[in-house]
Structure formats: structure tokens, C-alpha cells
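Heads up: the structure comes next, in C-alpha cells.
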2 protein chains.
Amino acid sequence: MITDTRHAIIESAILVFNEDLSAPLEKIADYAGITRRTLHRYFKDRKELMESCECAVQRACYKTNTLAYNSSDDPVEKLENMFHAGMSCGIKYTFLHKLHSLHDHQHSQNSQHCTDYDMTFTLWREHLLVLQSRKLIHTDLSIEWIQAFFRGIVSASVQSQIPGQPLSDQVIKSAWFSFSKGIGM
Amino acid sequence: MITDTRHAIIESAILVFNEDLSAPLEKIADYAGITRRTLHRYFKDRKELMESCECAVQRACYKTNTLAYNSSDDPVEKLENMFHAGMSCGIKYTFLHKLHSLHDHQHSQNSQHCTDYDMTFTLWREHLLVLQSRKLIHTDLSIEWIQAFFRGIVSASVQSQIPGQPLSDQVIKSAWFSFSKGIGM
DNA sequence: AACAGATGTCTCAAATGTGAGACATCTGTT
DNA sequence: AACAGATGTCTCACATTTGAGACATCTGTT
């Protein structure tokens, strides 16, 4: 199917780009099990492919994140769900952030990608503020640090697993322990 | 001075490569404030430059890490010193690990770099085992997870700061809180 | 079996990145 | 001021990457 290949290319690209932003497109094609020629039939050039990757990770993160944000009224349960949301995005979550923290990246309110990105992380900010105001987590930690810390947790989890595979229960359990304790729960 | 330039190139290269492994060498020259021509006077080609980067991060991490490992007999104090050692290496620490976790990287006992790398991390393993056997940290967490977790912490710290600058005391403080609590201290 | 759509193969031109020679310039030392 | 060492500029040949045309092949459907 046409969409299968397209999807496979994007997934491979996320994997490869996450490791090497300027990797030759051939490498992505190899990962996807297709020819570079076929890749070019789906994506005119590197820029277009990168754009699609960005949309894909954006959408995935936004979707799972929002779902989790609206999943519960209990603050702690909500946090746990948002934690699992981020974890389930895994490499997509880290890649999304990487794209927006590149040295040449100009973060701008005019770019749709950037506002989408900001919105995704605003949910976290909002909720962390609630948790802090209710003293459910440590109040000396800055919101920025907690967000960076969580990205670190996701990144650690992804790196300690086979790439492309979903995270093992064991890792998720450890990650939750370290994260929840690490923010003073 | 000749060594200054050489050093500046390597530092720039670590910064740039850490973000984009296949970045054009011109980008590194720009960062270092020199011409690509000059870069080539110091390093024959990309391979040689990368090799020097690897040596540089290897040495920096090994040195500070070993120093910290031998700094104290008190297990908790020793851990704290090793924590600070890793943090002070910052981007070098994360880059070192990145190089050895690349998908095409073949980890081998025959490579000097790999055995050096392993040795650096063996210190951590050794000490974490001691801490666990004395129940000073949570014993349900695997050594692998704690090491990955620490990398995540360093990575988070680096990302939440201006690139190239040393970490702020505030971040180090938060990082230590999150790390120590996150391993069950 | 005939067909359409997707993909692979082969090929090529254009763009980009790389390594280095030749020479000018700049900087600090004597 | 003369000099040496380091670096910049300009230039070039070469390698790699990229994007796409032409056509063969393969696969699932009818």
C-alpha cells in the first residue's frame, strides 16, 4: 500500500535523523527497506521529508499528550498519564524537542510548528504549576528543569532499549520511580 | 598559538557533531571562527578530526571521573563527587556515550576507544554495586538503568543551559536533587 | 492472462562537500 | 624594519549526494 511505504519512510527517517541529522537519504531508504529512488517518489527532497517527520512527531506527541492531559481530574493520576504519554512517544518526543533546540533553529511565533510545539509543552507547564501550588511535588524545582528532566528520562529510557521497539515494562517502571522521586513526589 | 586553534576546533567540533554528526566541516570552522582551509591544516580529514574529538572527550571524562572515584572513602560523598565529575564534563559526557551507542558503531574489545570507554563506566558500575549492597540507594533499579538515568540527567542539564557555557549552580543543584532522589537516596 | 500501481535498476546531470596548492596578509618577536 | 609562523583568499580537482527520467519487474486484482 502507498501509505504503508510512506509511513515506513517517515519512521525510518525519524530514527536515522535522530541520530544523524545530515545523514544521506540512502541510509533512510536502507532502513525502510526500499530504494532511494522510491523514497524520492514520496518526498521531493530532504526538506520535504524533514517537514513530514516534524509533522509526524508533532502530531503524535500532541495527540497522546492532550489525551493524557484530559484523562483525569486527579492531579497525580493526570501526571502519571502524561508521563506514560511521553514515554509511549519515546524517540518521537526526544526528536521533537531536538528539532526545536537546534542551534540554527529560529524559534518563532509565526511558525505553525513552533506554536504547536509550544502548545504541547504548555500542557505540561500548566499541570506542573497546579502540582506545585498544591505542594504535590517539590516547589524549589523550576518548571523548566522539570521539563528538561522529563526529556532526560525519556531519552534515557529510549537509549536503554532496542531502537524502534516499544519500551519494556521494567524500564517504564524504573523511569517512573526515578521521575516521580526526582520531582519530589 | 597553534595549540589554541587546535583546541578551539576540537571544542567546536564536539559542539557541532553532538548536534549533527554529518555536518559539513565548514560549520565547525565557522563555530571556531576560522576558515575551512585552516581546519584542514590541523586535521587531514573528517575522520582524523572525529578521532581527535573522541580522544578529547574520552580523556576529559576518564580523568575527571577517575579523580572523583578516588576522591573519598565515604560512599555517598564519592557518589556526589562522581556526579559532579559527570556534570562538569557536560556535553563531552553525552557525546562520548553517543559515539558508542550509534547504530553503525561496532563495540569491540579490540578497539582501544571501546575499552577505555568501558573502563570509564566500569567505575560507575563498581560504585553503584557498593551503594546497592549497602542499601544506600534503591536496590530494585538495575545498574544499567541508573547509568542511563544519569546520562539523562547530564543531557537535561546541558540542554537547559547556553551551549558551551559551564552549568549554573541552580541547575546543578536541581540535577543533584533529581538524581539522588531518583535513585532512592 | 491482462492489467494497473508500486517498486527496482540503470543512468545521468546538477549540487554540495572535501582536500589541497599558491600566494597574500596579518601578528608578534627580534 | 625584517622576519617567521599562522591564517585568510582564491582556486581547482575530486568525491559524494541528490533529484529525476526511462524502462524493467513484481504483485495483487479482475
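In this structure, Tyr69(A) has its ring center no closer than 6.0 Å to that of Trp124(A).
In this structure, Lys47(A) places its NZ atom 13 Å from P of dT16(C), rounding to the nearest Å. dT18(D) atom C1' lies 11 Å from atom CG of Leu39(A), rounded to whole Å. We find that CG of Asp4(B) is positioned 14 Å from C1' of dT27(C), with the value rounded to whole Å. Lys27(A) places its NZ atom 17 Å from the C1' atom of dT18(D), with the value rounded to the nearest Å. For the pair His40(A) NE2 and dA6(C) C1', the interatomic distance rounds to 17 Å; values are reported in whole Å. Taking atom CE on Met50(A) and atom P on dT18(D), their separation rounds to 11 Å, with Å as the unit. Between the CG atom of Asp30(B) and the P atom of dT9(D) there is a distance of 11 Å, rounded to whole Å. Counting to the nearest Å, the P atom of dC10(C) and the CD atom of Glu26(A) are 13 Å from each other.
Each of Leu131(B), Leu128(B), Ile183(B), Leu79(B) was compared with Leu136(B) under the side chain to side chain contact (heavy atoms under 4.5 Å, CB included) criterion, and only Leu131(B) meets it.
Side-chain contact annotation: His103(A) with Tyr31(B), donor-acceptor N/O pair under 3.5 Å present. Side-chain atoms of Asp118(A) and His100(A) include no donor-acceptor pair closer than 3.5 Å.
Taking only side-chain atoms of Thr5(B), from C-beta outward, the nucleotide of dT18(C), dT7(D), dA22(D) with the closest atom is dT7(D). In the set dA20(C), dT9(C), dG19(D), the nucleotide with an atom closest to the side chain of Lys44(B) is dA20(C). Comparing dT9(C), dT7(D), dG21(C) by their closest approach to the side chain of Arg37(B) singles out dG21(C). Checking dG8(D), dG19(C), dT9(C) against every side-chain atom of Leu25(B), the shortest atom distance belongs to dG19(C).
For the pair Gly33(B) and Arg36(B), both in contact range of DNA chain D, the more 5′-proximal nearest nucleotide belongs to Gly33(B). Where Ser22(A) and Arg41(A) each meet DNA chain D at their nearest nucleotide, the meeting point lying more 5' is that of Ser22(A).
Here Thr35(B) does not reach the OP1 or OP2 of dT7(D): none of its side-chain N or O atoms lies under 4.0 Å away.
Using bins of under 30°, 30° to 60° and over 60° for the plane-to-plane angle, the ring pair Trp176(A)/His84(A) lands in the parallel bin.
Atom CD of Gln165(B) sits in a crowded spot, with more than 12 heavy atoms from other residues, nucleotides or ligands closer than 6.0 Å.
Residue Arg46(A) is classed as a sugar-phosphate contact, given heavy-atom separations below 4.0 Å to backbone atoms only.
For the pair Ile14(B) and Lys92(B), the tightest heavy-atom approach, listed with the atom from each and the gap, is CD1-CE, 4.2 Å.
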Canonical and wobble pairing (Watson-Crick, G-U, under 3.5 Å) of DNA chain C, dot-bracket with |: ||||||||||||||||||||||||||||||
